[in-house]
K.L.:
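Sharing a structure here in structure tokens format.
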Amino acid sequence: MNSPKILDGKSIAAAVLEECRAETLELLEKGIRPGLAVVLVGSDPASQVYVGSKARTCADLGFYSVKIELPAETTQEELLQVVRNLNADATIHGILVQSPPPKHIDEDAIIREIDPRKDVDGFHPENVAKLVLEDATGFVPCTPAGCMKLLEVSGIETNGAEAVVIGRSMIVGKPMALLLVSKISNATVTIAHSRSKNLAGICRRADILIAAVGRPEMVKADWVKPGAVVIDVGINRIPDLSKKSGFRLAGDVAYEEVAPLSSAITPVPGGVGPMTIAMLLQNTVRAAEMATR
Ligand code: NAD
């Protein structure tokens, strides 16, 4: 049995946050406190957890952080107005509208309303274009940026590697593929999705396999090339009455059977999740720095 390298997102994220802390101190000396506003519409339980954890990390780093909780009945226009107010608020450098909003909200229209200079999620079309153009002045979505940081810090070679990304969302799959294929990373990238044929065969080609699907333990051992690096983005709640919460978290990868085959793998929880928050705070520090120029 092989013993894979466990890519410890918690400790790598902690190191990123220490850098953010030092940069925040420098900004505070110049009289600027990085400010992040998180807007939550409705009461999706997973979103509540994410927003709570973002707020705690902000407080720990000495950020100014605002949590705006709106009822599920909030109208599109009311939400647009909240975003406009935050755009105009000089104490706020980063704005995040927690996904998913209730069904009656047009999420794209909300994202387009966010000032691209405060779009620390990197979802605004201006930032998406900058990612495609490899223009480093934009904001990169936090989860794929976190995956890239994990690969980089762990010394995983992307140059010339065969990478397969399962999932084509604008939040994870597509930006992940763009980062891997960029002139910095130079991987050969395949994007697989719900209509891909022979998914297992496509995945078996991968030197680096990224799973961002939202289907618990979908990636099995016979989908993975021995020695591959496996990054599991999935966060799925599985009912489990033995837990106080009533559920356990599982990734998109069948960890127990895949880990022994892989050369390196991210656990769930404790892999990509902590990296996402760290990259969000890094983007916010950058937004605050940019606002001083
Ligand atoms: P999404 O639902 O927007 O996209 C899922 C993608 O998976 C789609 O592109 C779809 O084509 C593909 N897909 C669905 N079923 C498939 C199948 N059977 N075979 C192949 N492809 C299939 O989801 P998302 O926002 O990209 O998130 C994906 C997962 O990552 C979820 O579990 C989510 O909770 C998790 N996530 C984790 C973090 C983190 O910080 N770790 C951040 C964002 C999302």
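All of these numbers come straight from a predicted model, not from anything done at the bench. Note that ligands are numbered from 1 as they come in the structure, with each ligand's atoms numbered from 1 the same way. Quick note: numbers below take in every heavy atom, side chains included, and nothing from hydrogens, waters or symmetry partners.
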K.L.:
Consider side-chain contact (heavy atoms from CB on, under 4.5 Å). Of Leu28, Leu281, Leu61, Val285, which one does Glu23 pass it with?
P.N.:
Val285

K.L.:
To the nearest 0.5 Å, what is the distance between CG (Asn85) and CD1 (Ile92)?
P.N.:
11.0 Å

K.L.:
Just to verify, what does Asp44 make a salt bridge (charged side-chain N to carboxylate O under 4.0 Å, His left out) with, not counting sequence neighbours?
P.N.:
none

K.L.:
Is a side-chain donor-acceptor pair under 3.5 Å present for Lys149 with Gln282?
P.N.:
no

K.L.:
Is the closest side-chain heavy-atom distance between Ser43 and Gln48 below 4.5 Å?
P.N.:
yes

K.L.:
Of all the heavy-atom pairs spanning Thr24 and Pro34, show the shortest one and how long it is.
P.N.:
CG2-CD, 3.8 Å

K.L.:
Show the protein residues that qualify under the rule heavy atom under 4.0 Å from an atom of ligand 1, listing them in chain and number order.
P.N.:
Thr143, Ile166, Gly167, Arg168, Ser169, Val172, His193, Ser194, Leu199, Ala212, Val213, Gly214, Arg215, Met218, Val233, Gly234, Ile235, Asn236, Val272, Gly273, Thr276

